[in-house]
Amino acid sequence: MHDINLVRENPEAFDKALRQRKAGPAAATLIACDDARRAAIAKAQALQTTRNEASKKIGQVKGTGDDAAAEELMAQVAELKSALLEAEGEERKLKAQLEKALSVLPNIPLADVPEGVDEDDNQEVRQIGEVGGVNAAMQHFEIGEELGQMDFEAAAALSGARFVVLRDDLARLERALGNFMLDLHTSEYGYREINPPLLVRDDAVFGTGQLPKFSEDLFRTENGYWLTPTAEVTLTNLVRDQITNAADLPLRFAAMTPCFRSEAGAAGRDTRGMIRQHQFSKVELVSIVEPDDGEDELERLTACAEEVLKRLGLSYRVMLLCAGDMGFSARKTYDLEVWLPGQNSYREISSCSYCGDFQGRRMNARFRHGDEKSTHFVHTLNGSGLAVGRSLVALLENYRQEDGSVLIPEVLQAYMGGRNKIEPITR
RNA sequence: GGAGAGGUGGCUGAGUGGUUGAAAGCGGCGGUCUUGAAAACCGUUGAGCGUUUGCGCGUUCCGGGGGUUCGAAUCCCUCCCUCUCCGCCA
């Protein structure tokens with residue numbers, strides 16, 4: 001959500017930013033609506049002042065017992081009523097109209113975000129690890145099925161397309177990966193572990209920006225809950241409607257949760273395998289910070305996610321997203337893309353975003369310095385650290401041996417009963 | 001799912017439809033006193049919006065939304081949340 005005052009201060013810059021985000025100009029409409037709203041407020045308040053003074057007088061007169069005088073005053077004030085009702089209704093209507101218009105506009109990019117329309121315009125920031133050189137590399141679903149522990153047919157029978165059943169060591173590997181990531185972030189990087197609800201109300205999903213515009217990407221229960229598409233929703237909304245003491249910032253939260261996405265706009269894409277599922281597990285990192293710390297925190301957050309890849313020994317690159325490829329709530333985003341030999345390409349495995357005060361406004365999440373009177377909106381960041389399902393995919397494709405076994409990276413071995421590889425199960 | 005009780009400022013907790021943004025206490029902050037601290041005493045202490053160069057002025061907010069009324073924390077409707085009992089259940 002944008003600050004209407006900033007729109008008023010610099011309408012040209014605002015519209016220019018919107019153009020970068022592939023949205024039409026909106027400043028003129030917004031300002032006109034806000035002007036009307038302010039006029040309605042002034043009008044309503046003037047009427048309220050008159051009414052309040054008269055009502056106060058009625059109270060005093062009644063106290064003296066002069067009922068006749070009171071009746072006369074009451075008759076006078078009654079005439080104000082319809083005008084006041086109308087003015088208040090107008091104010092409410094315009095306020096709702098303005099908020100509705102603001103709520104569907106994407107966040108504006110930071111100055112160092114490259115212009116561009118899609119992923120082809122993203123910039124590579126750095127690349128880590130060796131890439132390519134694997135002969136006859138297999139895709140993860142081939143490897144998983146060869147191991148006898150990745151079953152798409154069983155999942156289809158249970159739930160349909162875009163689900164998977166993992167068995168035995170692969171089931172455990174998913175758990176091992178998640179636990180390793182969570183342990184790393186909590187013990188070395190100061191994130192507090194959270195176990196949040198997976199079903200949330202409208203307000204929460206609005207706060208992080210998935211609503212009202214992207215409801216078709218989400219699953220909804222019959223009684224009106226939304227299944228969270230990412231723990232970003234719950235972790236970020238932990239500070240909703242609160243005034244946090246600045247001394248308590250930054251707040252850093254981590255959670256491992258299933259994530260649910262309808263993938264409505266992705267028909268035909270990544271239809272095979274575990275890359276794009278309706279349900280997947282993800283370790284999410286969220287930081288709540290003061291405005292001045294936002295950009296540094298994005299670098300820190302990204303480094304935390306990168307460290308997971310480094311310790312797993314996976315090759316990857318860091319991409320700075322262009323304005324056109326960023327998510328709705330983001331001002332700046334780094335994607336981490338892991339190398340997948342089976343696909344002979346890089347695939348997104350983490351997305352780390354700085355959202356400025358965009359979500360803070362939507363959530364009414366504020367902070368205050370101890371000695372200050374005024375409050376400010378918190379700045380928020382989120383990033384995957386990492387997507388667990390895709391991490392499992394990457395391990396399979398990068399660590400399959402010629403004999404069909406898959407090596408387990410050292411950091412995961414303790415989580416896998418001390419073993420160093422996964423072998424096919426035939427049964 | 002059934003029955004009932006409640007939601008008031010950072011916290012506890014009063015509140016009769018009429019100068020109540022709201023008693024009192026605690027906590028916080030400032031001051032007096034003190035070498036310093038404590039105690040005591042005095043003062044102060046919510047958020048948002050509109051308007052103003054500024055001091056300020058106005059307005060809204062007592063869980064959320066709507067209504068009745070000249071006037072609502074107080075009455076009505078509705079939703080949310082908390083608690084108690086019963087039922088069910090991991």
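Chain A is the first sequence line, chain B the second, and so forth, proteins listed ahead of strands; every chain is numbered from 1. Quantities reported herein were computed from a predicted structural model and do not represent experimental measurements.
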Checklist entry - Out of A:K43, A:Q48, A:Q45, which one pairs with A:E88 under the side-chain hydrogen bond (donor to acceptor under 3.5 Å, both in side chains) rule? => result A:Q48

Checklist entry - Nearest heavy-atom pair of A:H185 and A:G385: which atoms, and what distance? => result NE2-O, 2.8 Å

Checklist entry - Side chains of A:T380 and A:Q359: is there a donor and an acceptor less than 3.5 Å apart? => result yes

Item to check | Spacing of A:N5 atom CG relative to B:rU51 atom P, expressed in whole Å | outcome: 9 Å

Checklist outcome for this item: Winner on side-chain proximity to A:K81, out of B:rU59, B:rG48, B:rC70, is B:rC70

Next on the checklist: B:rA47, OP1 or OP2 - any side-chain N/O from A:R368 closer than 4.0 Å?
Outcome noted: yes

Checklist entry - Would you find a donor on one side and an acceptor on the other, under 3.5 Å apart, between the side chain of A:N122 and the backbone of A:L321? => result no

Item to check | d(CD1, A:I58; P, B:rG17) in whole Å | outcome: 18 Å

Checklist entry - P atom, B:rC86 versus B:rG28: distance in rounded Å? => result 42 Å

Checklist entry - Would one find a side-chain N or O of A:N52 under 4.0 angstrom from OP1 or OP2 of B:rG71? => result no

Checklist entry - Closer than 4.0 Å, any side-chain N/O of A:R51 to the OP1 or OP2 of B:rU69? => result no

Next on the checklist: Would you measure the distance from the C1' atom in B:rA72 across to the matching atom in B:rA22 and give it in whole Å?
Outcome noted: 13 Å

Item to check | Distance in angstrom units between A:R92 CZ and B:rC61 C1', rounded | outcome: 14 Å

Checklist outcome for this item: Taken to the nearest whole Å, CZ/A:R8 to P/B:rC49 is 14 Å

Next on the checklist: Is there a side-chain contact between A:R201 and the phosphate of B:rC79, meaning an N or O under 4.0 Å from OP1 or OP2?
Outcome noted: no

Item to check | Integer-rounded Å distance: B:rC81 P and A:D203 CG | outcome: 11 Å

Checklist entry - Taking CZ from A:F377 and C1' from B:rC49, how many angstroms apart are they, rounded to a whole number? => result 12 Å

Item to check | Any A:T375 side-chain nitrogen or oxygen under 4.0 Å from OP1 or OP2 of B:rG48 | outcome: yes

Checklist outcome for this item: Mate of B:rG27 across any strand shown (Watson-Crick or G-U wobble, both atom pairs under 3.5 Å) is B:rU45

Item to check | Proximity of A:F358 and A:H2 rings by center, below 6.0 Å | outcome: yes

Item to check | Whole-Å gap separating P (B:rA47) and CZ (A:R361) | outcome: 18 Å

Checklist entry - Within the structure shown, what part of the strands sits under 4.0 Å from A:Q48 by heavy-atom distance: base, sugar-phosphate, or nothing? => result sugar-phosphate

